[in-house]
A.B. asks: 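Got a structure for you, written out below as structure tokens; questions coming shortly.
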Amino acid sequence: MLRRVAQLFIGLALFGLGIALLIRAEIGLPPWDVLAQGLSRQTGLPFGLFTVAISLVVLLLWIPLRERPGFGTVANALLVGPFIEVGLRFIPTQTVLWAQVLVFAAGLVITGLASGLYLGARFGSGPRDGLMTGLMRVTGRPIWVVRTAIELVALIAGWLLGGTVGVGTVAFALLIGPLMGFFLPRLRVPDAPGRRGR
């Protein structure tokens with residue numbers, strides 16, 4: 001249990017750092033972060049605040065879908081935003097192309113590692129993942145259709161609000177899956193003896 005809790009919180013902290021690096025790279029963000037950035041730019045309120053707000057709204061959408069959040073789900077919703085803000089305080093915005101690419105690459109790998117850590121702790125999925133699985137179950141649509149539709153809605157809304165869409169957005173979409181596929185099996189906390197199959 002101690003390892004699981006530590007792994008969850010380290011994963012969430014690293015996830016916030018990874019997103020902060022992606023923001024400071026200035027070459028494009030993941031769809032949900034485009035939305036948070038767009039809202040932040042329109043209102044002048046902190047990016048991390050909107051990360052939390054969006055997560056809480058998404059969790060409300062779990063109710064009609066009858067999804068059940070875990071401890072890690074709630075921790076994800078409440079803590080990633082503040083961790084992003086800490087990262088943004090210390091990481092400068094990059095303006096030189098080679099530095100932008102390097103910082104983005106670091107953010108992408110750290111985000112993949114962090115996802116493997118917090119999901120591997122087995123305390124529940126993130127808010128957006130639960131929305132995806134709930135809609136997939138209710139609509140009967142394939143997972144890729146549901147996930148793509150959700151991401152496109154967030155991306156278009158964020159872009160219309162002034163969020164950063166660019167080559168980094170495409171790179172994240174193509175590479176985050178393989179990175180998570182690499183890290184998650186290696187970081188998943190094994191079931192306790194005698195609990196397998198439950």
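Just the heavy atoms: all of them, side chains too, but no hydrogens, waters or symmetry mates, feed the values below. Position 1 is the first residue of the sequence, and the numbers go up from there.
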A.B. asks: Under the criterion side-chain contact (heavy atoms from CB on, under 4.5 Å), I'd like the reasoning laid out for Leu35 against Trp159: C-alpha separation, chi angles, the key distance, then a yes or no.
C.D. replies: CA-CA 7 Å; Leu35 177 58; Trp159 176 68; over 6 Å; no
A.B. asks: Counting heavy atoms not belonging to Arg68, are there more than 12 under 6.0 Å from its CZ?
C.D. replies: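 No, CZ of Arg68 has 12 or fewer neighbouring heavy atoms, counting only those of other groups under 6.0 Å.
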A.B. asks: Hey, any chance Val189 and Phe15 share a hydrophobic cluster, counting ILVMFWY side chains that come within less than 4.5 Å of each other, even indirectly?
C.D. replies: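 No, it is not one cluster - the side chains of Val189 and Phe15 are not joined through contacts under 4.5 Å.
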A.B. asks: For Ala121, is there any backbone N or O sitting under 3.5 Å from a side-chain donor or acceptor partner on Arg188?
C.D. replies: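 Pair absent, no side-chain N/O of Arg188 close to backbone of Ala121.
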A.B. asks: Would you say the side-chain atoms of Gln100 pair up with the backbone N or O of Ala25, donor to acceptor, closer than 3.5 Å?
C.D. replies: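 Checked: pair present.
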A.B. asks: Restricting to salt bridge (charged side-chain N to carboxylate O under 4.0 Å, His left out), what partner residues turn up for Arg41, sequence neighbours left out?
C.D. replies: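 None.
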A.B. asks: To the nearest 0.5 Å, what is the distance between CZ (Phe90) and CD (Glu85)?
C.D. replies: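 One gets 12.0 Å once the value is rounded to the nearest 0.5 Å.
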A.B. asks: Using only atom types and a distance under 3.5 Å, with no angle test, would you say the side chain of Gln42 pairs donor to acceptor with the backbone of Leu161?
C.D. replies: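 Such a contact is found between Gln42 side chain and Leu161 backbone.
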A.B. asks: When rounded to the nearest 0.5 angstrom, what distance separates CG in Leu187 from OG in Ser115?
C.D. replies: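 Interatomic distance, Leu187 CG to Ser115 OG, rounded to 0.5 Å: 10.5 Å.
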A.B. asks: How close do Trp62 and Ser125 get, heavy atom to heavy atom, and via which atoms?
C.D. replies: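 For Trp62 and Ser125, the tightest heavy-atom pair comes out as CH2-OG, 3.9 Å.
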A.B. asks: Is the shortest heavy-atom distance from the side chain of Pro30 to the side chain of Leu22 under 4.5 Å?
C.D. replies: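 Pro30 reaches Leu22 side chain to side chain.
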A.B. asks: Distance check, rounded to the nearest 0.5 Å: Leu117 atom CG versus Ile110 atom CD1?
C.D. replies: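 Leu117 atom CG to Ile110 atom CD1 measures 11.5 Å (nearest 0.5 Å).
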A.B. asks: Measure from NZ or CZ of Arg128 to the centre of the six-membered ring of Trp32 and say whether it is under 6.0 Å with the direction within 45° of the ring axis.
C.D. replies: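 Cation-pi check for Arg128 and Trp32: passes.
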A.B. asks: Judged by atom type as modelled, is there a donor-acceptor pair below 3.5 Å linking the side chain of Arg141 to the main-chain atoms of Met136?
C.D. replies: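 Checked: no pair found.
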A.B. asks: Is Phe182 reachable from Leu179 through a run of I, L, V, M, F, W or Y residues, each pair having side-chain heavy atoms under 4.5 Å apart?
C.D. replies: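 Yes, Leu179 connects to Phe182 through the hydrophobic network.
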A.B. asks: How long is the gap from CG on Leu56 to CG on Leu61, to the nearest 0.5 Å?
C.D. replies: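 Reported value, rounded in 0.5 Å steps: 11.0 Å.
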A.B. asks: If you take all heavy atoms of Pro31 and Glu151, which pair is closest and at what distance?
C.D. replies: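 What the structure gives for the nearest pair is CG-OE1, 3.2 Å.
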A.B. asks: Do Phe172 and Val101 sit in the same hydrophobic cluster, where Ile, Leu, Val, Met, Phe, Trp and Tyr count as joined when their side-chain heavy atoms come under 4.5 Å apart?
C.D. replies: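 As far as the 4.5 Å side-chain criterion goes, Val101 and Phe172 are not connected within one cluster.
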A.B. asks: Can you confirm whether Gln94 sits close enough to Glu26 that some side-chain heavy atom of one is under 4.5 Å from a side-chain heavy atom of the other?
C.D. replies: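 In short, these two side chains do not touch, never coming nearer than 4.5 Å.
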A.B. asks: Test Phe123 against every option in Phe71, Tyr118, Phe9 by the ring pair (Phe, Tyr, Trp, His ring centres under 6.0 Å) rule and name the one that passes.
C.D. replies: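 Checked Phe71, Tyr118, Phe9 against Phe123; only one passes ring pair (Phe, Tyr, Trp, His ring centres under 6.0 Å): Phe71.
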A.B. asks: Which heavy-atom pair separates Gly81 from Val52 by the least distance, and what is that distance?
C.D. replies: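 Shortest heavy-atom separation between Gly81 and Val52 comes out as CA-CG2, 4.0 Å.
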A.B. asks: Measure the shortest side-chain to side-chain distance between Phe104 and Leu21 over non-hydrogen atoms and say whether it is less than 4.5 angstrom.
C.D. replies: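 Result no, sub-4.5 Å side-chain heavy-atom pair not found.
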A.B. asks: If I take atom CZ from residue Arg24 and atom OG1 from residue Thr95, how far apart are they, to the nearest 0.5 angstrom?
C.D. replies: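 With rounding to 0.5 Å, CZ (Arg24) is 12.5 Å from OG1 (Thr95).
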A.B. asks: Would you name the heavy atoms of Pro46 and Ser40 that are closest together and state the gap between them?
C.D. replies: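 Distance-wise, the nearest heavy atoms are C-OG, 3.9 Å.
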A.B. asks: Give me the atom names and distance for the closest heavy-atom approach of Leu119 to Gly126.
C.D. replies: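 Here Leu119 and Gly126 meet closest at CD2-N, 4.4 Å.
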A.B. asks: Using only atom types and a distance under 3.5 Å, with no angle test, would you say the side chain of Thr169 pairs donor to acceptor with the backbone of Val165?
C.D. replies: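 Here the side-chain-to-backbone pair does not exist.
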A.B. asks: Knowing that exactly one of Val34, Leu45, Ile54 qualifies, which makes a side-chain contact (heavy atoms from CB on, under 4.5 Å) with Leu39?
C.D. replies: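 With Leu39 as partner, side-chain contact (heavy atoms from CB on, under 4.5 Å) holds for just one option, Ile54.
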A.B. asks: I'd like to know if the side chain of Thr139 and the backbone of Leu135 have a donor-acceptor N/O pair within less than 3.5 Å.
C.D. replies: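 Checking the backbone N and O of Leu135 against the side chain of Thr139, a donor-acceptor pair under 3.5 Å is found.
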A.B. asks: Going by ring-ring contact (aromatic ring centres under 6.0 Å, His included), name the residues that satisfy it together with Phe47, two or more places apart in sequence or in a different chain.
C.D. replies: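 In terms of ring-ring contact (aromatic ring centres under 6.0 Å, His included), with neighbours along the sequence ignored, Phe47 is linked to no residue.
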A.B. asks: Do you know which two heavy atoms are closest between Ala20 and Ile91, and how far apart they sit?
C.D. replies: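 Looking at all heavy atoms of both residues, the shortest contact is CB-CD1, 4.0 Å.
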A.B. asks: Under a single-linkage definition using a 4.5 Å side-chain heavy-atom cutoff for Ile, Leu, Val, Met, Phe, Trp and Tyr, are Val57 and Leu78 assigned to the same hydrophobic cluster?
C.D. replies: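 No, it is not one cluster - the side chains of Val57 and Leu78 are not joined through contacts under 4.5 Å.
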A.B. asks: To the nearest 0.5 angstrom, please state how far the OG1 atom of Thr111 sits from the CG atom of Asp33.
C.D. replies: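 One finds 8.5 Å between OG1 of Thr111 and CG of Asp33.
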A.B. asks: Looking only at side chains, do Thr133 and Glu67 share a donor and an acceptor under 3.5 Å apart?
C.D. replies: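 Indeed, the side chains of Thr133 and Glu67 share at least one donor-acceptor pair under 3.5 Å.
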A.B. asks: Starting from Leu60 and following side-chain heavy-atom contacts under 4.5 Å between hydrophobic residues (I, L, V, M, F, W, Y), which residues can be reached?
C.D. replies: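 Listed partners: Ile63.
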A.B. asks: Does CZ belonging to Arg137 count more than 12 external heavy atoms closer than 6.0 Å?
C.D. replies: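 Yes, enclosed.
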A.B. asks: Could you check whether Gln37 and Thr164, counting side-chain N and O atoms only, form a donor-acceptor pair closer than 3.5 Å?
C.D. replies: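 The answer is yes; a qualifying pair exists.
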A.B. asks: Leu102 and Val167: same hydrophobic cluster, using ILVMFWY side-chain contacts below 4.5 Å?
C.D. replies: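 No, Leu102 does not connect to Val167 through the hydrophobic network.
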